[in-house]
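Below is one structure; the comments refer to it alone.
For the single chain, residues carry numbers from 1 onward in sequence order. In this text, all values refer to a predicted model and were calculated from it rather than measured experimentally. Every number for a ligand or one of its atoms is a count from 1 in the order of the listing.
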Amino acid sequence: MTSGAAEPRLDGRAALVTGGTRGIGLAVAHRLGAAGAAVGITGRDPEGVRQAVGELEKAGVRAFGCAGDVADPAHLAACVRQLTEECGRLDILVNNAATNQPYGPLMEADPDRWTTAFATNVEAPLRLVQLAWRAWMREHGGAVVNICTEGTHGVGPNVGAYGTSKAALLHLTRQLAGELAPRVRVNAVSPGLVRTEMARFVWEGAEQRIADGLPLGRIGEPEDIADAVLWLVSDGARWVTGADLLVDGGTRVRAAAGSSAGYAVHEQLRAADGPTA
Ligand SMILES: NC(=O)c1ccc[n+]([C@@H]2O[C@H](COP(=O)([O-])OP(=O)(O)OC[C@H]3O[C@@H](n4cnc5c(N)ncnc54)[C@H](OP(=O)(O)O)[C@@H]3O)[C@@H](O)[C@H]2O)c1
């Protein structure tokens with residue numbers, strides 16, 4: 001089915017996507033690249049970065065890689081420097097890299113790992129927005145999307161540290177939207193359960209049960225999220241800032257009605273050993 005609406009175009013623009021080597025980040029990099037943007041991607045594993053850049057280039061995308069941990073401020077500065085030197089601009093920032101550790105009840109949370117979760121999921125996005133603002137966006141404008149989670153709209157077992165950091169990221173999104181308008185639009189996309197490595201411990205072996213409880217009848221694919229990001233950074237969303245776009249197959253609607261696909265997810269979260277990475 002075609003919508004009849006023109007596909008968003010980003011020709012001549014440059015984008016940075018953190019955690020762009022697989023999953024949602026890689027799908028976002030493909031979508032932005034296919035729309036005409038040059039795309040820089042990050043990830044901790046240098047080989048993963050190299051392979052993803054190769055895959056993007058094969059698809060005709062002008063792609064750059066910057067390997068490192070987003071919790072390292074020097075790495076973030078190097079990424080922004082590299083992209084602005086290569087492209088002469090930085091119009092789009094997608095803060096996608098995140099950790100879902102520490103996993104477990106908050107009363108047992110290791111304070112060091114809690115700190116790492118906030119450094120990765122909250123501080124890094126803020127540092128990158130500051131860097132992008134100073135390097136390009138303050139003068140020329142831009143668009144930022146922070147990848148949050150549908151989970152912040154409720155609470156779930158064992159994901160308290162992750163959810164709390166993502167709730168902070170959502171508030172940061174709104175705060176920045178207020179502070180950076182009208183030059184820069186800052187929005188959030190909040191995915192439901194998506195078929196990626198990060199969430200494998202939730203969906204593997206339970207996919208049909210979870211899908212049966214979802215209004216739209218399936219778990220998400222990375223491209224479902226990438227399409228929302230593409231729209232938010234495009235001119236089609238020119239009057240949208242501070243928004244939290246839920247892309248969750250209706251999970252929240254069902255949860256609000258009291259019988260939730262979320263509950264199937266919660267059963268998994270309660271039973272799972274937790275993420276492996
Ligand atoms: N999948 C879901 O169900 C779901 C639901 C709600 C929200 N989200 C959010 O969606 C985003 C993407 O998750 P995903 O599911 O696509 O995960 P994924 O498939 O595991 O991909 C994560 C990406 O981030 C990179 N990464 C992880 N930690 C990093 C760090 N500290 N520094 C730099 N790069 C890092 C990974 O590469 P390296 O391992 O090489 O670093 C990889 O490129 C996250 O913000 C997540 O919270 C996901």
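R89 places a side-chain N or O within 3.5 Å of a backbone atom of G12 that can act as its donor or acceptor partner. N158 places a side-chain N or O within 3.5 Å of a backbone atom of L269 that can act as its donor or acceptor partner. With D227 contributing its side chain and W231 its backbone, the two residues share no donor-acceptor pair below 3.5 Å.
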Pairs of donor and acceptor atoms involving the side chains of residues 56-63, under 3.5 Å and at least two apart or interchain, shall be tabulated with distances.
{"from": "R62", "atom 1": "NH2", "to": "E86", "atom 2": "O", "distance (Å)": "3.1"}

Practice item. Take Y103 and F201, measure what ring-ring contact (aromatic ring centres under 6.0 Å, His included) needs, and give me the verdict at the end. Key: CA-CA 12 Å; Y103 187 81; F201 76 101; 5.3 Å; yes
Exercise for review: Could you walk me through whether H30 and E55 pass the side chain to side chain donor-acceptor pair (under 3.5 Å) test, one step at a time?
Suggested key: CA-CA 9 Å; H30 272 291; E55 183 187 315; 2.8 Å; yes
Under 3.5 Å: N or O atoms of ligand 1 paired with protein N or O:
{"from": "ligand 1", "atom 1": "1 (N)", "to": "V194", "atom 2": "O", "distance (Å)": "3.3"}
{"from": "ligand 1", "atom 1": "1 (N)", "to": "T196", "atom 2": "OG1", "distance (Å)": "2.9"}
{"from": "ligand 1", "atom 1": "3 (O)", "to": "V194", "atom 2": "N", "distance (Å)": "2.8"}
{"from": "ligand 1", "atom 1": "3 (O)", "to": "V194", "atom 2": "O", "distance (Å)": "3.4"}
{"from": "ligand 1", "atom 1": "15 (O)", "to": "T196", "atom 2": "OG1", "distance (Å)": "2.5"}
{"from": "ligand 1", "atom 1": "16 (O)", "to": "I24", "atom 2": "N", "distance (Å)": "2.8"}
{"from": "ligand 1", "atom 1": "20 (O)", "to": "R22", "atom 2": "NE", "distance (Å)": "3.2"}
{"from": "ligand 1", "atom 1": "20 (O)", "to": "R22", "atom 2": "NH2", "distance (Å)": "3.2"}
{"from": "ligand 1", "atom 1": "20 (O)", "to": "M198", "atom 2": "N", "distance (Å)": "3.3"}
{"from": "ligand 1", "atom 1": "28 (N)", "to": "R44", "atom 2": "NH2", "distance (Å)": "3.4"}
{"from": "ligand 1", "atom 1": "31 (N)", "to": "D69", "atom 2": "OD1", "distance (Å)": "2.9"}
{"from": "ligand 1", "atom 1": "32 (N)", "to": "V70", "atom 2": "N", "distance (Å)": "3.0"}
{"from": "ligand 1", "atom 1": "37 (O)", "to": "T21", "atom 2": "OG1", "distance (Å)": "3.4"}
{"from": "ligand 1", "atom 1": "39 (O)", "to": "R22", "atom 2": "NH1", "distance (Å)": "3.4"}
{"from": "ligand 1", "atom 1": "39 (O)", "to": "R22", "atom 2": "NH2", "distance (Å)": "3.4"}
{"from": "ligand 1", "atom 1": "39 (O)", "to": "R44", "atom 2": "NH2", "distance (Å)": "3.0"}
{"from": "ligand 1", "atom 1": "40 (O)", "to": "R44", "atom 2": "N", "distance (Å)": "3.3"}
{"from": "ligand 1", "atom 1": "40 (O)", "to": "D45", "atom 2": "N", "distance (Å)": "3.0"}
{"from": "ligand 1", "atom 1": "41 (O)", "to": "R44", "atom 2": "N", "distance (Å)": "2.7"}
{"from": "ligand 1", "atom 1": "41 (O)", "to": "R44", "atom 2": "NE", "distance (Å)": "2.7"}
{"from": "ligand 1", "atom 1": "41 (O)", "to": "R44", "atom 2": "NH2", "distance (Å)": "3.4"}
{"from": "ligand 1", "atom 1": "43 (O)", "to": "G19", "atom 2": "O", "distance (Å)": "3.3"}
{"from": "ligand 1", "atom 1": "43 (O)", "to": "T21", "atom 2": "N", "distance (Å)": "3.2"}
{"from": "ligand 1", "atom 1": "43 (O)", "to": "T21", "atom 2": "OG1", "distance (Å)": "2.6"}
{"from": "ligand 1", "atom 1": "45 (O)", "to": "N96", "atom 2": "O", "distance (Å)": "2.6"}
{"from": "ligand 1", "atom 1": "45 (O)", "to": "K166", "atom 2": "NZ", "distance (Å)": "2.8"}
{"from": "ligand 1", "atom 1": "47 (O)", "to": "Y162", "atom 2": "OH", "distance (Å)": "2.5"}
{"from": "ligand 1", "atom 1": "47 (O)", "to": "K166", "atom 2": "NZ", "distance (Å)": "3.1"}

